[in-house]
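Below is one structure. I have some questions about it.
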Amino acid sequence: ESHSESRKYRSKIVKEIFLGITFLGIGLWAWNEKFSVFLGIIFFLELTAGVLAFVFKDWIKDQLYFFINNNIRAYRDDIDLQNLIDFTQEYWQCCGAFGADDWNLNIYFNCTDSNASRERCGVPFSCCTKDPAEDVINTQCGYDARQKPEVDQQIVIYTKGCVPQFEKWLQDNLTIVAGIFIGIALLQIFGICLAQNLVSDIEAVRASW
């Protein structure tokens, strides 16, 4: 009797394991079916975005210009936004969207006679050219910078805008940028192929039951 009960118990365990594997296989098939479709949709959207970015590059350039100038207006109103602009100008070695005079849009930096700010006709410190010998940032280096002749301005601050600098960076690093996007696309295609192969294997196992 004990032997019979043990056999029934083992039979029950085998059935439960079999059912578990069956449900797991069905779940994996459903998940991978959705996963491959999901990857396909993402790949299509990325391809579409790349084509649209090339076709509407002038529109994107205008939107970037408006975005930077709107942020210049709100430079002192949001510390996070301020840090973002400072990082952008330091990294790209630029000032304003198309030049340092874009800072006339800010109430603290504009050159109007009614502006009583000490930063009048100046630019943020992130526009200043950096001296490698200086360890401490001079936050007042941009004061009165735009009152100087243009030749003297180029010594003290970056005079090129961030939009042209970004375009130049893209042109200089076009191969790297294209390689990254192609690499991502190939990984996604590889993922789709793996998902489809797994679905085919699961279907083949199910067909043999």
Side-chain angles (χ1 to χ4, degrees), residues 45-184:
L45 290 176
E46 287 175 344
L47 184 63
T48 303
V51 173
L52 290 177
F54 178 77
V55 174
F56 296 101
K57 58 183 179 181
D58 290 335
W59 179 84
I60 294 174
K61 179 179 176 180
D62 291 339
Q63 294 304 308
L64 182 60
Y65 169 75
F66 289 128
F67 173 78
I68 294 175
N69 280 346
N70 286 335
N71 290 338
I72 285 175
R73 292 187 180 93
Y75 178 74
R76 293 293 189 204
D77 301 334
D78 187 334
I79 186 64
D80 293 327
L81 181 62
Q82 181 174 316
N83 291 334
L84 176 62
I85 293 175
D86 286 334
F87 171 79
T88 301
Q89 293 188 145
E90 286 181 314
Y91 184 80
W92 300 113
Q93 296 185 350
C94 57
C95 192
F98 280 98
D101 285 338
D102 287 333
W103 281 97
N104 278 327
L105 297 171
N106 187 277
I107 60 174
Y108 300 101
F109 294 98
N110 69 64
C111 285
T112 56
D113 294 334
S114 59
N115 184 10
S117 170
R118 178 61 189 88
E119 295 176 309
R120 177 181 177 273
C121 278
V123 291
F125 72 91
S126 54
C127 283
C128 296
T129 56
K130 301 299 182 291
D131 185 354
E134 291 183 356
D135 295 329
V136 180
I137 296 175
N138 178 13
T139 57
Q140 298 180 359
C141 61
Y143 284 10
D144 306 319
R146 289 186 293 118
Q147 289 183 331
K148 301 176 181 180
E150 186 174 348
V151 176
D152 294 334
Q153 286 185 28
Q154 294 176 358
I155 301 174
V156 181
I157 63 173
Y158 303 123
T159 55
K160 294 180 180 179
C162 292
V163 174
Q165 286 294 87
F166 177 68
E167 289 180 326
K168 181 178 180 298
W169 181 87
L170 279 181
Q171 291 174 357
D172 293 341
N173 298 273
L174 185 61
T175 304
I176 297 175
V177 174
I180 291 173
F181 279 105
I182 291 173
I184 293 173

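Sequential numbering from 1 along the given sequence is applied to the chain's residues. Bear in mind that the values here come from a model prediction, so they are computed numbers and not experimental data. These numbers come from the heavy atoms of this one structure, side chains and all, not from hydrogens, waters or symmetry mates.
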Taking every heavy atom of Ala145 against every heavy atom of Val123, the minimum-distance pair comes out as CB-CG2, 4.3 Å

In this structure, CZ of Arg146 is separated from CD of Gln153 (nearest 0.5 Å) by 8.0 Å

Which pair of non-hydrogen atoms, one from Cys162 and one from Thr88, has the smallest distance, and what is that distance?
SG-CG2, 4.3 Å

Could you tell me whether the side chain of Asn138 reaches within less than 4.5 Å of the side chain of Lys130, counting heavy atoms only?
no

Looking at every non-hydrogen atom in both residues, tell me the closest pair between Asn115 and Tyr108 and how far apart they are.
ND2-O, 3.3 Å

Can you name the nearest heavy-atom pair linking Asp86 to Pro124, along with the distance?
OD1-CB, 4.0 Å

Can you check whether Gln140 reaches Arg118 side chain to side chain, under 4.5 Å on heavy atoms?
no

Strictly under 2.5 Å separating the two SG atoms? Check that for Cys121 and Cys111, please.
yes

Gap separating the CG atom of Asn83 from the CG atom of Asp78, nearest 0.5 angstrom
9.0 Å

So CD of Gln147 and CG of Asp152: to nearest 0.5 Å the spacing works out to 12.5 Å

Let me see the working for Cys127 and Cys94 under disulfide (SG to SG under 2.5 Å), right down to the final yes or no.
CA-CA 6 Å; Cys127 283; Cys94 57; over 6 Å; no

Rounded to the nearest 0.5 angstrom, the OH-CG distance for Tyr65 and Asn70 is 10.0 Å

Inter-residue atom distance Leu84.CG - Tyr75.OH, 0.5 Å rounding:
10.5 Å

So Trp169 and Trp92, would you call those rings parallel, tilted or perpendicular, with 30° and 60° as cut-offs?
perpendicular

Grab the two heavy atoms, one from Ser126 and one from Ile85, that are nearest each other, plus how far apart they are.
OG-O, 4.5 Å

Are any of the side-chain nitrogens in Asp102 or Arg73 under 4.0 Å away from the carboxylate oxygens of its partner?
no

Within this structure, what is the CD1-CZ distance for the pair Ile107 and Arg120, rounded to the nearest 0.5 Å?
14.5 Å

Under 3.5 Å donor-acceptor, Gln89 side chain and Gly96 backbone:
yes

Between Ile72 and Ala97, the two heavy atoms sitting closest are CD1-N, 4.2 Å

Can you tell me which residue pairs pass the disulfide bond (SG atoms under 2.5 Å apart) test with a partner in residues 130-161, sequence neighbours excluded?
Cys128-Cys141

Closer than 3.5 angstrom, by distance alone: can the side chain of Asn69 be matched with the main-chain N or O of Phe66 as a donor-acceptor pair?
no

Decide yes or no for Phe109 and Arg76: does some side-chain heavy atom of the first lie under 4.5 Å from some side-chain heavy atom of the second?
yes

Under the ring pair (Phe, Tyr, Trp, His ring centres under 6.0 Å) definition, can you give me all pairs with a residue in residues 120-161, not counting sequence neighbours?
none

